[in-house]
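Shown next, in structure tokens, is the structure this report addresses.
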Amino acid sequence: MELIRLTAHELHDKLVARETSSTEITRAVFDRIEKVEGQVQSYLTLTKELALEQAAAVDAALARNEAISPLAGIPGALKDNLCTTGIRTSCGSKMLEHFVPPYNATVVEKLAAEKAVFIGKVNMDEFAMGSSCENSAYKITRNPWDLSVVPGGSSGGSAASVAAGEAIWSLGSDTGGSIRQPAAFTGTVGLKPTYGRVSRYGLVAYASSLDQIGPITRDVTDCALVMNAIAGHDHRDSTSVPGDAPDFTTALGQTVKGLKIGLPTEYFGAGLDPEIDTVLKKAIRQLQDMGAEVVECSLPNTEYALSAYYLIATAE
């Protein structure tokens, strides 16, 4: 299988076994970008020189028989609302077209410490306000599976880059679905972490009470690995949860037997697409077959959720 189609953990195993190099993986990703970026339109800024320098540093460490972290030498993309020292951060807006931050977001610092490779900054709905990645001031990002449809938003560039093989992992930000929706649209794994689990320092916020930075990856294992790298307390973020983050990989491979899953009745009413309803019910049956307990519950304030979201988000 092509290097660009492997997961981060598969590529890590190949690096440790000396079956490939970070430079080879990184060049393969840039070759893929050159081939498909004209159609997909994921990136706003590419950092090829930096990426190859980072890759070479990991290869040198491996040559010295040094141990490397799970994300070391693995190329990824950053949503363009995450501050990056010396690299343009536009938030998909002409207002910040020439903004070059003097500091890194905490998540960028953490990934740099893990020796991850940064391919570039990816497209987004302007200031994260949108759900289709059609509202960027620069370009419209397409869904790699079908160029006639959207990849979701606002982290559409993050999701499309991973789905298209233009990155192995990416970071997005989620206010009201901006990681989860594009992940669903592109067949990738997206996670909005619990509020406060990941530092927002250096994130150009949409709504500070709602925003969280999270991973978009090829599989759940990669999602856990990226979470391990970016989670944790940060004194620079007053909403950051004190204490150490757990090792998210310890939950991998666990059975769902005995797990109780609540289905809010309000979520299955008017407006639910019949095709989505069918898929949901199929997933519910599968979880039950695997031993999970599914119970109906009620969230009576659901009807006010959208109104509350827009009051909070637009006010902030």
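In what follows, residues are counted from 1 in the order of the sequence shown.
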Rounded to the nearest 0.5 Å, what separates atom CG in Leu191 from atom CG in Asp174? 9.0 Å
Exercise: identify the closest heavy-atom pair between Pro151 and Ser132: CD-O, 3.6 Å
Check the side chains of Asp80 and Ser90 for a donor-acceptor pair under 3.5 angstrom, ignoring hydrogens and angles. yes
I want to check something: taking the side chain as every heavy atom from C-beta on, are Ser173 and Tyr206 in contact at a cut-off of under 4.5 Å? no
Interatomic distance, CG@Leu82 vs CE@Met124, rounded to 0.5 Å, equals 8.5 Å
Apart from Val150 itself, which Ile, Leu, Val, Met, Phe, Trp or Tyr residues share its cluster (side-chain heavy atoms under 4.5 Å, direct or through members)? Phe185
Could you state the interatomic distance from CZ (Arg18) to OG1 (Thr20), rounded to the nearest 0.5 Å? 12.0 Å
Between atom OG1 of Thr188 and atom CZ of Arg180, what is the distance when rounded to the nearest 0.5 Å? 13.5 Å
In one Ile/Leu/Val/Met/Phe/Trp/Tyr side-chain cluster, 4.5 Å: Leu171, Leu71: yes
Closest contact, heavy atoms only, Ala160 versus Val40: CB-CG1, 4.0 Å
Answer yes or no: is there a side-chain heavy-atom contact under 4.5 Å between Arg197 and Pro246? yes
Apply side-chain hydrogen bond (donor to acceptor under 3.5 Å, both in side chains) to the pair Asp59 and Ser22, showing each step before the final yes or no. CA-CA 6 Å; Asp59 290 337; Ser22 178; 4.7 Å; no
Does CD in Glu66 sit with more than 12 non-hydrogen atoms of other residues, nucleotides or ligands closer than 6.0 Å? yes
Closest heavy-atom pair and its distance - Ser93, Ala137: CA-CB, 4.0 Å
Roughly how far, to the nearest 0.5 Å, is the CG atom of Leu50 from the OG1 atom of Thr84? 9.5 Å
Step-by-step side-chain contact (heavy atoms from CB on, under 4.5 Å) determination, Asp31 to Ile4: CA-CA 10 Å; Asp31 287 345; Ile4 59 164; over 6 Å; no
Connected via hydrophobic side-chain network under 4.5 Å: Val198 and Ile216: no
With a 4.5 Å heavy-atom cut-off, do Thr7 and His9 have their side chains touching? yes
So with a 6.0 Å cut-off around CZ of Arg27, is the heavy-atom count from everything else above 12? no
Distance-only polar pair, side chains of Ser158 and Lys79, donor-acceptor under 3.5 Å: no
Ser42 side chain near Glu37 side chain, heavy-atom distance below 4.5 Å: yes
Which residue is it: Leu225, Thr221, Leu11? I am looking for the one with a side chain to side chain contact (heavy atoms under 4.5 Å, CB included) to Pro70. Leu225
Tell me, yes or no, whether the heavy-atom count around Tyr310 atom OH, taken from other residues, nucleotides or ligands under 6.0 Å, exceeds 12. no
So do Asn143 and Thr186 actually touch side chain to side chain, heavy atoms under 4.5 Å? yes
Consider only side-chain heavy atoms of I, L, V, M, F, W and Y, link residues closer than 4.5 Å, and tell whether Val204 and Leu78 are in one cluster. no
Within-4.5 Å side-chain heavy-atom neighbours: Thr26 and Ile119: yes
Could you walk me through whether Tyr138 and Gln41 pass the side-chain contact (heavy atoms from CB on, under 4.5 Å) check? CA-CA 10 Å; Tyr138 300 98; Gln41 299 286 289; over 6 Å; no
Would you sort out whether Leu203 and Asn81 count as a side-chain contact (heavy atoms from CB on, under 4.5 Å), showing the intermediate values? CA-CA 6 Å; Leu203 167 69; Asn81 60 352; 3.4 Å; yes
Same cluster or not: are Val58 and Val108 linked, directly or through other Ile, Leu, Val, Met, Phe, Trp or Tyr residues, by side-chain heavy atoms under 4.5 angstrom apart? yes
Do Leu44 and Met129 share a hydrophobic cluster (ILVMFWY, side-chain heavy atoms under 4.5 Å, transitive)? no
Closest approach of His12 to Ile68 (non-hydrogen atoms, all atoms of both residues): CE1-O, 3.6 Å
Between Ser131 and Asp125, the two heavy atoms sitting closest are N-OD2, 3.3 Å
Please work out whether the ring planes of Tyr103 and Tyr201 are parallel, tilted or perpendicular, with thresholds of 30° and 60°. tilted
Determine yes or no for a side-chain-to-main-chain donor-acceptor pair under 3.5 angstrom, with Asn135 supplying the side chain and Glu126 the backbone. no
Using side-chain heavy atoms (C-beta onward) and a distance below 4.5 Å, is Tyr309 in contact with Thr175? yes
Any side-chain heavy atom of Leu111 within less than 4.5 Å of one from Ile230? yes
How long is the span from the OG1 atom in Thr265 to the CD atom in Glu296, to the nearest 0.5 Å? 6.5 Å
Summary of side chain to side chain donor-acceptor pair (under 3.5 Å) pairs that have at least one residue in residues 224-248, sequence neighbours excluded: Thr106-Asp234, Thr106-Arg236, Glu109-Arg236, Ser199-Asp234, Arg200-Thr239, Asn228-Asp247, Asp234-Arg236, Asp237-Thr239, Asp247-Thr249
For residues 276-294, please give each side-chain donor-acceptor pair under 3.5 Å, one per line with the distance, not counting sequence neighbours.
from, atom 1, to, atom 2, distance (Å)
Asp277, OD2, Lys281, NZ, 3.1
Thr278, OG1, Pro274, O, 3.0

The test is side-chain contact (heavy atoms from CB on, under 4.5 Å); show your working for Leu62 and Leu15 and say whether it passes. CA-CA 8 Å; Leu62 285 167; Leu15 285 172; 4.2 Å; yes
Around atom NZ of Lys115, are there more than 12 heavy atoms of other residues, nucleotides or ligands at under 6.0 Å? no
Would you say CD of Glu34 has more than 12 non-hydrogen atoms from neighbouring residues, nucleotides or ligands within 6.0 angstrom? no
Mind listing the closest non-hydrogen atom pair of Trp169 and Ala116 along with its distance? CZ2-CB, 3.8 Å
